[in-house]
Amino acid sequence: MTRVCSAAMTPPPDLSRAHPGRRLRSDLARQVADVLRGQIAAGALGPRLPDEPALQREFSVSRNSVREALDILRSEGLVERLPGVGTVVRMPKFAHTVDAIRGLSESLREHGALRNEVRTAGRVRPPRSVAAALRAEGDVLCIERLRRLDGVPIALDLTYLPVAVGLPLLSADLEDEDLFTLIERTSGKRLRADQVSVDAVTADAPSARLLGVRTGAPLLVLQRLTRFTDGTPADLEFVRMRGDRITVRMTPERS
């Protein structure tokens, strides 16, 4: 078992002079939490986590390190402690794969039914950056949807589209289908992803209210510009996803 420095040491240890093989209990707890979080996201744990002695043996750490790791996961809303039961997964995290063009419905189909509340759908004057990305000289279509998985809000999806691409969608089934599916169906053209970025942010009050989380809760914001195979822009989307429910997954290759 790896020995750790005592948290009660006074004065605190000089980490710059610490032995490189020595890890603090807080470091061990964070490392255990990272592995457990990944297992929860992959569906490898649940509904109940192994007990503390089993986790001690698995990670070769002290019981206090295990408890700190579970406290980290509890603070993130991933697990909770039930008397007489142990530590259970509150709700599993779901993987949204972004190394292929998949909407949330396609990524999460095996986990339940995704329904969309259409909050905005119409023409708007775009910001200059949006107009430039979509090569738009006038108005664009703006569609915002609150997305719920089995009734639980998980994402707020804001999408801008060229008018020619977006107008046919206004009469389509925006409540039950992904925009990618609808765009390909109504345009008769295939899509290819162009640029994807993911940022970590905290929930502002309006977003928190819609997504059912506390103000300041962690969110992932996915920004994606999607083009048709001929290179013309198809849509620019900004998806605010609950960090306690969605993990972004990709499978890159080393070039």
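- Shown here for Pro162 and Pro233, the closest heavy-atom pair between the two residues is CG-O, 3.6 Å.
- Taking the side chain as every heavy atom from C-beta outward, Phe59 and Val66 never approach each other to under 4.5 Å.
- The distance from atom CG of Asp157 to atom CG of Leu179, rounded to the nearest 0.5 Å, is 6.5 Å.
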For Asn64 and Ser62, run side chain to side chain donor-acceptor pair (under 3.5 Å): C-alpha distance rounded to whole Å, both residues' side-chain angles, the deciding distance at 0.1 Å, then the answer. CA-CA 5 Å; Asn64 284 337; Ser62 70; 5.2 Å; no
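- Atom-to-atom distance recorded for Leu55:CG and Ser60:OG is 11.5 Å, nearest 0.5 angstrom.
- Rounding to the nearest 0.5 Å gives a distance of 12.0 Å between CG of Asn116 and CD of Glu144.
- Of all heavy-atom pairs spanning Leu73 and Ala33, the tightest one is CD2-O, 3.8 Å.
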When you look at Ser207 and Asp204, which way does the side chain to side chain donor-acceptor pair (under 3.5 Å) test go after all the steps? CA-CA 5 Å; Ser207 296; Asp204 56 90; 2.9 Å; yes
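- Note: the hydrophobic cluster containing Val213 also contains Val221 (ILVMFWY, side chain heavy atoms under 4.5 Å, direct or indirect links).
- Between Arg192 and Gly231, the closest heavy-atom pair is NH2-CA, 3.9 Å.
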Verdict with supporting geometry, Val124 and Asp139, side chain to side chain contact (heavy atoms under 4.5 Å, CB included): CA-CA 5 Å; Val124 299; Asp139 289 350; over 6 Å; no
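- Taking OG1 of Thr215 as the start and CZ of Arg209 as the end, the distance is 8.5 Å to the nearest 0.5 Å.
- Counting heavy atoms from C-beta outward, Arg227 and Leu191 have side chains that stay 4.5 Å or more apart.
- Considering only residues two or more places apart in sequence or on other chains, Thr202 meets the side-chain contact (heavy atoms from CB on, under 4.5 Å) condition with none of them.
- Paired with Glu117 under the rule salt bridge (Lys or Arg N to Asp or Glu O under 4.0 Å), one option of Arg148, Arg147, Arg145 passes, and it is Arg148.
- Hydrophobic clustering, with ILVMFWY side chains joined whenever heavy atoms are under 4.5 angstrom apart, groups Leu220 together with Val239.
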Criterion side chain to side chain donor-acceptor pair (under 3.5 Å) on Thr226 and Asp235, from CA distance to verdict: CA-CA 5 Å; Thr226 306; Asp235 81 346; 3.3 Å; yes
Would Leu236 and Gln223 count as a side chain to side chain contact (heavy atoms under 4.5 Å, CB included) here? Give the steps. CA-CA 7 Å; Leu236 176 64; Gln223 177 179 332; 4.2 Å; yes
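- Considering all non-hydrogen atoms of both residues, Leu156 and Leu211 come closest at N-CD2, 4.0 Å.
- Asp244 places no side-chain N or O within 3.5 Å of a backbone atom of Glu76 that could act as its donor or acceptor partner.
- The shortest distance between side-chain heavy atoms of Pro47 and Val89 does not fall below 4.5 Å.
- Looking only at side-chain heavy atoms (C-beta outward), Leu141 and Leu169 stay at 4.5 Å or farther from each other.
- Remark: the backbone N or O of Ser197 is not paired with any side-chain donor or acceptor of Arg224 at under 3.5 angstrom.
- Annotation: the span from Leu78 atom CG to Thr87 atom OG1 amounts to 12.0 Å, rounded to 0.5 Å.
- Salt bridge absent: Lys189 and Glu184 never bring a charged side-chain N and a carboxylate O closer than 4.0 Å.
- Remark: Arg74 engages Asp71 in a salt bridge (Lys or Arg N to Asp or Glu O under 4.0 Å) (not counting sequence neighbours).
- Taken from CZ in Arg185 to CG in Asp173, the straight-line distance is 8.5 Å, to the nearest 0.5 Å.
- Within the 4.5 Å cutoff, the side chain of Val140 has heavy atoms near those of the Pro126 side chain.
- No donor-acceptor pair closer than 3.5 Å links the side chain of Thr181 to the backbone N or O of Glu177.
- Looking at every heavy atom in both residues, Ala29 comes nearest to Ala69 through O-CB, 3.3 Å.
- The cluster map of Ile, Leu, Val, Met, Phe, Trp and Tyr, joined by side-chain heavy atoms under 4.5 Å apart, puts Phe238 and Leu146 in different clusters.
- Considering all non-hydrogen atoms of both residues, Phe228 and Val165 come closest at CE1-CG2, 3.9 Å.
- Using a 4.5 Å cut-off on side-chain heavy atoms (C-beta onward), Ile72 and Arg37 make contact.
- Put simply, Leu114 and Leu222 are part of the same group of oily side chains (I, L, V, M, F, W, Y) that touch within less than 4.5 Å, one to the next.
- For Arg135, the CZ atom sits in a packed shell: over 12 heavy atoms of surrounding residues, nucleotides or ligands are nearer than 6.0 Å.
- The same ILVMFWY cluster, assembled from side-chain heavy atoms under 4.5 Å apart, contains both Leu49 and Val35.
- At least one side-chain heavy atom of Arg240 sits less than 4.5 Å from a side-chain heavy atom of Val201.
- By the 4.5 Å heavy-atom criterion applied to side chains, Val32 and Ser65 are not counted as neighbours.
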